[in-house]
Structure formats: C-alpha cells, structure tokens
Number of protein chains: 2
Amino acid sequence: MCCMDKRTNIIAGAERIFENQGFRGIGVDGILAPSGTSTRTLYKHFGSREGLVLAVVAERHRSFMERLRDWPEAHDPIGSLFDVLESWLSEHGARGCMLLRAHSEYAGSHPDIASLVRQQKREFADEIARRVETALGQPNNEIALSIWLLFEGATAAASVTDKPVVQSAKRAALTLLSDR
Amino acid sequence: MCCMDKRTNIIAGAERIFENQGFRGIGVDGILAPSGTSTRTLYKHFGSREGLVLAVVAERHRSFMERLRDWPEAHDPIGSLFDVLESWLSEHGARGCMLLRAHSEYAGSHPDIASLVRQQKREFADEIARRVETALGQPNNEIALSIWLLFEGATAAASVTDKPVVQSAKRAALTLLSDR
DNA sequence: GCACATGTAAAACGATCGCTTTACATTTCA
DNA sequence: TGAAATGTAAAGCGATCGTTTTACATGTGC
C-alpha cells in the first residue's frame with residue numbers, strides 16, 4: 001500500500017470518529033480503528049495525536065471550501081451558501097462546526113490549533129464578503145458579517161433543535177441582502 | 001462550613017476551569033483546585049465527574065437567563081438581548097457557548113447532558129419568541145428563529161475573530177424586526 | 001459530652017492514556 | 001538478490017485518569 005493513501009485513510013477515519021466522540025473523548029486506538037492502522041504508523045505520519053488533529057481540521061476546512069467552490073449555482077452566491085450547508089449537514093450529521101469544536105477543546109492548551117481555526121474562519125468570512133460583493137455589485141462588509149453570523153448560528157443551532165434553521169437563515173440572509 | 005456554600009463554590013470553581021480548558025481537557029484534581037475541595041467531597045455532592053458537569057451546565061444556563069430577566073432595558077426587548085450578550089462575553093471571555101460545548105463534547109457518550117442542553121436552548125429560543133411578540137405586538141416565529149441564529153452565531157464567532165460581531169448581530173436583528 | 005454531619009489529606013485501586021519498542025510481513029526497485 | 005520503505009501486531013513504558021478508601025479534624029445540636 002502506498003504512502004499517500006494511508007495518510008488519507010487515517011484522516012478520513014479519524015474525521016468520522018471526531019464527529020461522533022469529540023476530539024478528547026477517545027484514545028488513539030479508537031481513532032485508528034476505522035482505518036485499521038497501527039499506532040506505529042500514526043506516529044510515523046503525524047508525529048503525535050495533536051498532529052493528527054491538526055491534519056483532520058485542515059482537511060475538513062479544505063473539503064468544505066472545495067464543495068463551496070464547486071457548487072453549481074453561481075447565479076445565487078448567497079443563497080447557495082446555505083444550500084451547501086444543508087447538503088453538508090445531511091451528509092455529516094449536525095453536531096456543530098468541527099473547526100469551532102477543535103478550537104474550543106484545544107484553545108487553552110494548543111495555540112497552533114486555535115490559530116489555524118482562526119485563520120480558516122477568516123478565509124470563510126472573506127469568501128462570504130466576496131459573494132456579497134458579487135451579489136450587490138459593491139462591497140458591503142456589514143451585510144457580509146451578518147450573513148456569516150447567520151451561517152455559524154445555523155450550524156450551531158442545528159445540533160440542538162429540529163427546527164428548519166438552515167432555511168430560516170437563508171431567508172434572513174437574502175432579506176438582509178435586498179434591504180440595504 | 002455549611003453544605004450549600006460548598007456545593008456552590010465547587011460549581012463556581014469548575015465553571016472557571018471549564019471555560020478555559022474545556023470539559024475533558026483536565027482531570028478532577030484540576031477541576032477541584034480553585035475551590036480547594038477534596039475529591040471525597042466532590043463525589044459526596046455530585047456522585048461523579050459527569051454529575052458535576054451536569055450541575056455546572058444547569059447553573060450556567062440559570063445564571064444567564066437570570067441576567068437576561070434582570071436587564072433594565074425593557075423598552076428594547078430585542079436590542080437588549082445583544083447588550084446582555086456583550087456584557088456576558090466581556091465578563092466570561094468569548095470561548096463559544098459553554099452549553100453547546102458541553103453538548104458537542106458529551107453528545108456521543110452522555111445522552112442526559114445532551115438532552116439538558118437541548119431543553120435549555122428550547123427555553124432560550126422561546127424567550128426570544130416572546131420578546132419578538134412584545135416588540136411587534138404579534139408573534140412572528142420566522143423572525144424569532146433568525147434572531148436566535150444571529151445570537152448563536154455571534155457567540156460562536158466572537159471566539160475566533162476580533163470583528164465587532166455582537167453589535168453587527170444586533171443591527172441585523174433590529175433590521176429583520178423592522179422589515180416584516 | 002457525644003453522636004453526627006461535613007470537611008481535608010493522602011494513599012491506593014484498576015483502567016486507560018499517549019507514545020515507544022521489538023518483531024515480523026510485504027512491496028519496490030536498483 | 002537484497003536492502004530500503006512501508007506496513008501490522010502486540011507488548012510495554014510511565015503518567016494520569018475517575019473513583020474509593022482510610023484516617024483525622026472540625027463545628028453543630030440534642
């Protein structure tokens with residue numbers, strides 16, 4: 001078996017475990033079980049448990065941004081934001097943003113994880129600002145920020161309610177956008 | 001020393017620890033250190049580590065709802081929501097909603113913590129709906145839900161950015177409210 | 001004055017933690 | 001052919017985990 005596949009498999013398996021158990025709710029044996037990996041290989045690839053967490057968080061962000069970029073509805077740059085979220089949540093389950101979960105679990109003890117997540121969220125907020133500019137023909141940072149908050153709010157709230165939060169966030173975002 | 005004070009002190013000390021380290025990032029000795037409590041007393045009062053977490057989460061919600069109720073600006077029921085949030089965050093630090101953090105760390109393994117948080121969030125969303133009805137003279141669940149999402153989004157986002165998210169959420173909420 | 005409730009201090013329990021090591025199988029390719 | 005790279009399996013490292021236990025100090029009320 002080749003090297004890059006193994007690395008990818010470990011990350012994919014760990015991602016599924018972290019979704020359900022959180023980052024600190026399970027040991028390395030449990031993290032490695034879904035990919036059938038020995039601990040020796042883990043430390044060869046990632047150096048430490050924390051190194052794997054870092055890689056999973058990075059991959060999670062990359063794959064979400066990729067889906068955002070490849071989503072076929074270019075004519076509705078803001079509405080499609082929430083359509084992507086809905087598809088994402090139905091696929092992964094609604095357990096709160098994994099990036100923010102990593103941030104809150106590790107911010108007190110692992111500054112590099114915290115700063116990675118801050119940078120990822122800056123990237124995401126910038127992407128929303130770009131889409132607002134596309135929709136309005138000019139930048140509007142105030143509206144972009146509000147739409148970001150609706151997005152993060154829907155992601156968080158979906159983990160604790162059955163209400164249709166994503167569609168509600170989408171409608172509110174479009175209202176704010178047409179209301180300036 | 002009397003019984004209720006000790007219980008309260010343990011909870012208050014644990015709350016400060018959980019804010020900084022997360023729920024699973026520290027052992028019981030560390031949790032008890034700020035209140036100078038022996039482990040024996042912990043298990044007498046709460047039965048288990050998880051029992052303490054449950055009590056801290058319950059107290060956290062109670063004390064936030066109390067501040068909301070006692071806030072002096074009855075004339076602006078929606079705007080004051082975000083003023084309370086700003087005062088709360090400046091006092092406790094912005095590390096994401098502790099209730100949601102508990103939910104995501106324990107949902108996979110401790111259903112009773114998860115269901116407590118779901119109920120607390122239902123209570124909070126209902127309080128917002130009541131305030132929307134007060135402001136509008138009639139109920140509007142769609143607007144109430146959006147405002148809840150702005151609130152949760154601001155709470156989450158404040159932990160990873162320096163942008164003035166709470167004030168932005170407040171303005172967006174008031175816009176949605178006056179826009180129906 | 002004495003039982004009782006409440007507390008601390010500290011040792012000890014087995015279990016599990018992150019990580020390292022030893023031993024061995026497999027593929028790759030010069 | 002045979003050394004290097006990559007992998008699993010499993011034992012073992014010391015540290016720390018949540019929890020229980022033993023021993024002892026306090027203050028309160030009958």
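By convention in this document, chain letters (A, B, ...) are assigned in the order of the sequence lines, proteins followed by strands, and residues within each chain are numbered from 1.
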Starting from [atom2] on [N], measure out to [atom1] on [X] and report it in whole angstrom.
X: B:Lys44; N: D:dT21; atom1: NZ; atom2: P; value: 12 Å
X: A:Phe46; N: C:dC19; atom1: CZ; atom2: P; value: 13 Å
X: B:Asp5; N: C:dA5; atom1: CG; atom2: P; value: 19 Å
X: B:Leu32; N: D:dT20; atom1: CG; atom2: P; value: 14 Å
X: A:Tyr43; N: D:dG7; atom1: OH; atom2: C1'; value: 17 Å
X: B:Asp29; N: C:dA9; atom1: CG; atom2: P; value: 12 Å
X: A:Leu42; N: D:dG7; atom1: CG; atom2: P; value: 12 Å
X: A:Ile26; N: C:dA15; atom1: CD1; atom2: P; value: 19 Å

Discussion item. Applying a 4.0 Å non-hydrogen cut-off, can you work out what A:Leu52 is touching in the nucleic acid: base, sugar-phosphate, or nothing?
Written reply: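 Nothing, no nucleic acid heavy atom in range.
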Taking 4.0 Å as the cut-off, does a side-chain nitrogen or oxygen of [X] come that near to OP1 or OP2 on [N]?
X: A:Thr41; N: D:dT8; value: yes
X: A:Lys6; N: D:dT8; value: yes
X: B:His45; N: C:dT6; value: no

Worksheet item: Under the criterion side-chain hydrogen bond (donor to acceptor under 3.5 Å, both in side chains), which of B:Glu123, B:Gln120, B:Lys121 is the partner of B:His61?
Response: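 By the side-chain hydrogen bond (donor to acceptor under 3.5 Å, both in side chains) criterion, B:His61 pairs with just one of B:Glu123, B:Gln120, B:Lys121: B:Glu123.
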Heavy atoms from C-beta onward define the side chain here; which of [options] lies closest to that of [X]?
X: A:Arg40; options: C:dT21, D:dG18, C:dG18; value: C:dT21
X: A:Thr39; options: C:dT20, C:dT8, D:dT19; value: C:dT20
X: A:Arg49; options: C:dT8, D:dT19, C:dC19; value: C:dC19

Discussion item. If the threshold is 4.0 Å, N to carboxylate O, is there a salt bridge linking B:Glu19 and B:Arg60?
Written reply: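 Answer for the salt bridge query: yes.
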Worksheet item: Does the side chain of B:Phe151 reach to within under 4.5 Å of the side chain of B:Val166, using non-hydrogen atoms?
Response: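 A side-chain contact is absent here, since even the closest heavy-atom pair is not under 4.5 Å.
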Worksheet item: Ignoring hydrogens and geometry, is there a side-chain-to-backbone donor-acceptor pair from B:Arg131 to B:Pro77 under 3.5 Å?
Response: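 The answer is yes, because a donor-acceptor pair under 3.5 Å joins these two groups.
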Fill in: Listed partners of A:Arg40 passing salt bridge (charged side-chain N to carboxylate O under 4.0 Å, His left out), at least two apart
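Scan of A:Arg40 (salt bridge (charged side-chain N to carboxylate O under 4.0 Å, His left out), adjacent residues dropped) gives none.
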